[in-house]
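Only one structure is covered here, and it is reproduced in the block below.
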Amino acid sequence: MSAFTGTGALLRLALRRDRIMIPVWALVLWSLALSTVSSYAGLYDTEAERVSFIKGINANTSTLAFYGPVHGTSVGALSAWRLGTALAAMVAVMTVLLVVRHSRAEEEDGRLELVGAGVVGRRAPLTAALLAALVADALVAVLGFVALAGQGAAGALTFALGWFALGAVFAAVAAVCVQLSENARTARLLGFAVLGAAFLVRTIADASESARWLSWLSPIGWNQQLRPFDEDRLWVLALSAALVVPLVGVGYALTGRRDLGAGMLASRLGPASAGRGLRGALGLAWRLQRGMLLAWTVGLALYGAIMGGVLNGVDDLVGDSPETREIVQKMGGQQGLTDAFLTTAAGMLGSLAAVYGVQAALRLRGEEGAQRLEPLLALSLGRIRWAAGHLLIALAGVAAILLTTGLTMGVVYGLTAGDVPGKLGDALGAVLVQAPAAWVATGVAAALFGLLPRLSYAAWGVVGAFLLLGVLGPALDLSQAVLDVSPFTHTPKLPGAELTATPLVVMTAVVVVLVAAGLAGFRRRDITTS
């Protein structure tokens, strides 16, 4: 029997399981790309306007650090620049999640052992996981090409191939990560750590003239070096291929050297007896959740610092474009441009904190599905106490992330503006009022877990809808009734607008009801692993 026997069957199974998730990811990325092209085409319809805007971007160190330089002056080049970092990172995240889901997660849950008892080769599961991720990357690339094709077929093809190549690189990275750890959570964190390092290297390269060569050490930097709609450097794709082949080879080699269910990095043995902190439900929840909370806090604090550095130059960056000013003010309220931009950035941070809240709340479902819950409940630990510990960490974690991010944004903003106390207060207020809205997403996840456990992961669709409405809603001029679906629409538009407690109190009350309903449902239902 070949080591790849059964790959086709496993690939079909993986694609069937992800028949909803992959198209949703692809359509979200496509809609973001399409709206970006449409926005820039409407905002800067003349060469002179684009040249002026691009000149401001390439002279702003903070903007360069976050998005990189613009190459070319066409609408296509401007759109590719805007999509070349944030959305490229989303492609990488999608790819890592898919590879881990269909390899290490299957192994951790015991399903791969059952599959392996049939006619399945040793390398078939990893191969199927890689192919499933590449299918998703190909779909995303095709839709990316469609979104930008109107600006020029050659540039759109270069852009689309860049997305596919970046996805392939992180599929290969994930193929190695799943061999190192014996649990899916750590494998995902390792993959995201590599992505974070690649983003950081690219950031340093673009922020410093003397360090531009570092861009060639980052896969995200390679994506920018393709320069679609300008030079169309297709030869840069060879760098991705040169990295993918050895990484996949390492992944295959490690697959044959470890036992099923084990990782190359042996788990560290714990102490013979638990400390006081692990003798309660809250302590256990904190021990399980603290690594993820730390990663989110550091990542969003860095994002907040970058946004704080951009804020003081918003007027120069936007220039004289009335259309851009109108969109920013729609997203952030009708106050001054800088305050409106701060409100918009705070809303984005709140949406990202909501993603953490959902992820932390869904840890409940993960523990239940992995059959680690029943042994705990067989002791004196009650259901409500166990679930409440995780939900408390999720809700408090959202607040901690927003507080830390608000502090970093405010300090950097204050240093660049020469008014730390004033700008720190503005940033903290704008960010912290996002907490009740972010908690709503956590509450939805808690309610689904308790009442409809098999639909728990639909919470990702809910938080994704909130994020899309916040990013695309104002730019697409959606009706107010549609925008009101998102709780972030109802947060006070600080600074500049009046702070009203009513929406914050109402959203907090909604969260209490959702969490209570989830806990009540969990108390009455059966434990399920499917």
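Treat the numbers as computed from the prediction; the structure is a model and nothing was measured.
The shortest side-chain heavy-atom distance between Trp460 and Leu362 falls under the 4.5 Å cut-off. Residues Cys177 and Val173 are in side-chain contact: their nearest non-hydrogen atoms beyond the backbone lie under 4.5 Å apart. Taking the side chain as every heavy atom from C-beta outward, Thr203 and Leu302 never approach each other to under 4.5 Å. Put simply, the side chain of Thr491 does not reach to within 4.5 Å of the side chain of Pro503, judged on heavy atoms. For the pair Trp296/Gln359, a side-chain contact is recorded, criterion being any heavy-atom separation below 4.5 Å from C-beta on. Within the 4.5 Å cutoff, no side-chain heavy atoms of Met21 are placed close to those of Leu97. A 4.5 Å side-chain heavy-atom check between Val91 and Leu87 finds every atom pair outside the cut-off. Two residues are said to be in side-chain contact when any heavy atoms from C-beta on lie closer than 4.5 Å; Met507 and Leu504 meet this criterion.
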**Verdict with reasoning, Leu293 to Arg290, per side chain to side chain contact (heavy atoms under 4.5 Å, CB included)** = CA-CA 5 Å; Leu293 176 58; Arg290 65 184 184 183; 5.6 Å; no

**Asked** How far apart are the C-alpha atoms of Val96 and Leu195, what are their side-chain angles, what is the distance that settles it, and do they pass the side chain to side chain contact (heavy atoms under 4.5 Å, CB included) test?
**Response** CA-CA 10 Å; Val96 170; Leu195 174 60; over 6 Å; no

**Item:** Test log, rule side chain to side chain contact (heavy atoms under 4.5 Å, CB included), inputs Val511 and Thr442
**Value:** CA-CA 8 Å; Val511 174; Thr442 307; over 6 Å; no

**Item:** Steps toward side chain to side chain contact (heavy atoms under 4.5 Å, CB included) verdict (Thr73, Leu78)
**Value:** CA-CA 7 Å; Thr73 59; Leu78 198 55; over 6 Å; no

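Minimum heavy-atom separation, Val169 to Ser240: CG2-CB, 3.7 Å. Residue Leu428 comes nearest to Gly406 through the heavy atom pair CD2-C, 3.8 Å, listed as atom of the first residue, atom of the second, then distance. In plain terms, the two heavy atoms of Trp222 and Trp216 that are nearest each other are NE1-O, 2.7 Å. Nearest heavy atoms, Ala394 versus Ala360: CB-CB, 3.6 Å. Scanning both residues, Val70 and Ala77, for their nearest heavy atoms gives CG1-O, 4.4 Å. For Ala285 against Ile393, the heavy-atom pair with the smallest separation is CB-CG1, 4.1 Å.
Sorted by first and then second residue, the pairs that involve residues 215-229 and meet salt bridge (charged side-chain N to carboxylate O under 4.0 Å, His left out), not counting sequence neighbours, are Arg227-Glu231.
Taking OG1 from Thr36 and CH2 from Trp81, the interatomic distance works out to 10.0 Å, rounded to the nearest 0.5 Å. Between atom CG of residue Leu161 and atom CG of residue Leu166 there is a gap of 12.5 Å, rounded to the nearest 0.5 Å. The distance from the CG atom of Leu349 to the OG1 atom of Thr404 is 11.5 Å, given to the nearest 0.5 Å. Note that CG of Leu403 and OG1 of Thr297 are 10.0 Å apart. Values are rounded to the nearest 0.5 Å. The distance from atom CG of Leu282 to atom CD of Gln289, rounded to the nearest 0.5 Å, is 10.5 Å. To the nearest 0.5 Å, atoms CG (Leu391) and CZ (Arg363) are separated by 13.0 Å.
A donor-acceptor pair under 3.5 Å is formed between the side chain of Thr416 and the backbone N or O of Val412. Between the Thr186 side chain and the Asn183 main chain, no donor and acceptor come within less than 3.5 Å of each other. With hydrogens and angles disregarded, a donor-acceptor distance shorter than 3.5 Å links the side chain of Thr343 to the backbone of Leu494. Although no hydrogens or angles enter the test, the distance criterion places no donor-acceptor pair under 3.5 Å between the side chain of Arg202 and the main chain of Ser215. The backbone N or O of Gly347 lies less than 3.5 Å from a partner atom in the side chain of Ser351, making a donor-acceptor pair. Arg104 places no side-chain N or O within 3.5 Å of a backbone atom of Ala184 that could act as its donor or acceptor partner. Judged by distance alone, the side chain of Gln224 and the main-chain N or O of Ile220 form no donor-acceptor pair under 3.5 Å. Side-chain atoms of Thr500 never come within 3.5 Å of backbone atoms of Thr502 as a donor-acceptor pair (strictly under, hydrogens ignored).
Remark: Phe170 pairs with no residue by the ring-ring contact (aromatic ring centres under 6.0 Å, His included) rule, at least two apart or across chains. Under the salt bridge (Lys or Arg N to Asp or Glu O under 4.0 Å) criterion, Arg82 pairs with no residue, sequence neighbours left out.
Of the N and O atoms on the side chains of Ser79 and Gln151, not one donor lies less than 3.5 Å from an acceptor on the other residue. Between the side chains of Thr158 and Asp232, at least one donor N or O lies within less than 3.5 Å of an accepting N or O. Side chain to side chain, Asp137 and Thr95 meet the donor-acceptor criterion of an N or O pair below 3.5 Å.
The environment of Trp25 atom CH2 is dense: over 12 non-hydrogen atoms of other residues, nucleotides or ligands sit within 6.0 angstrom.
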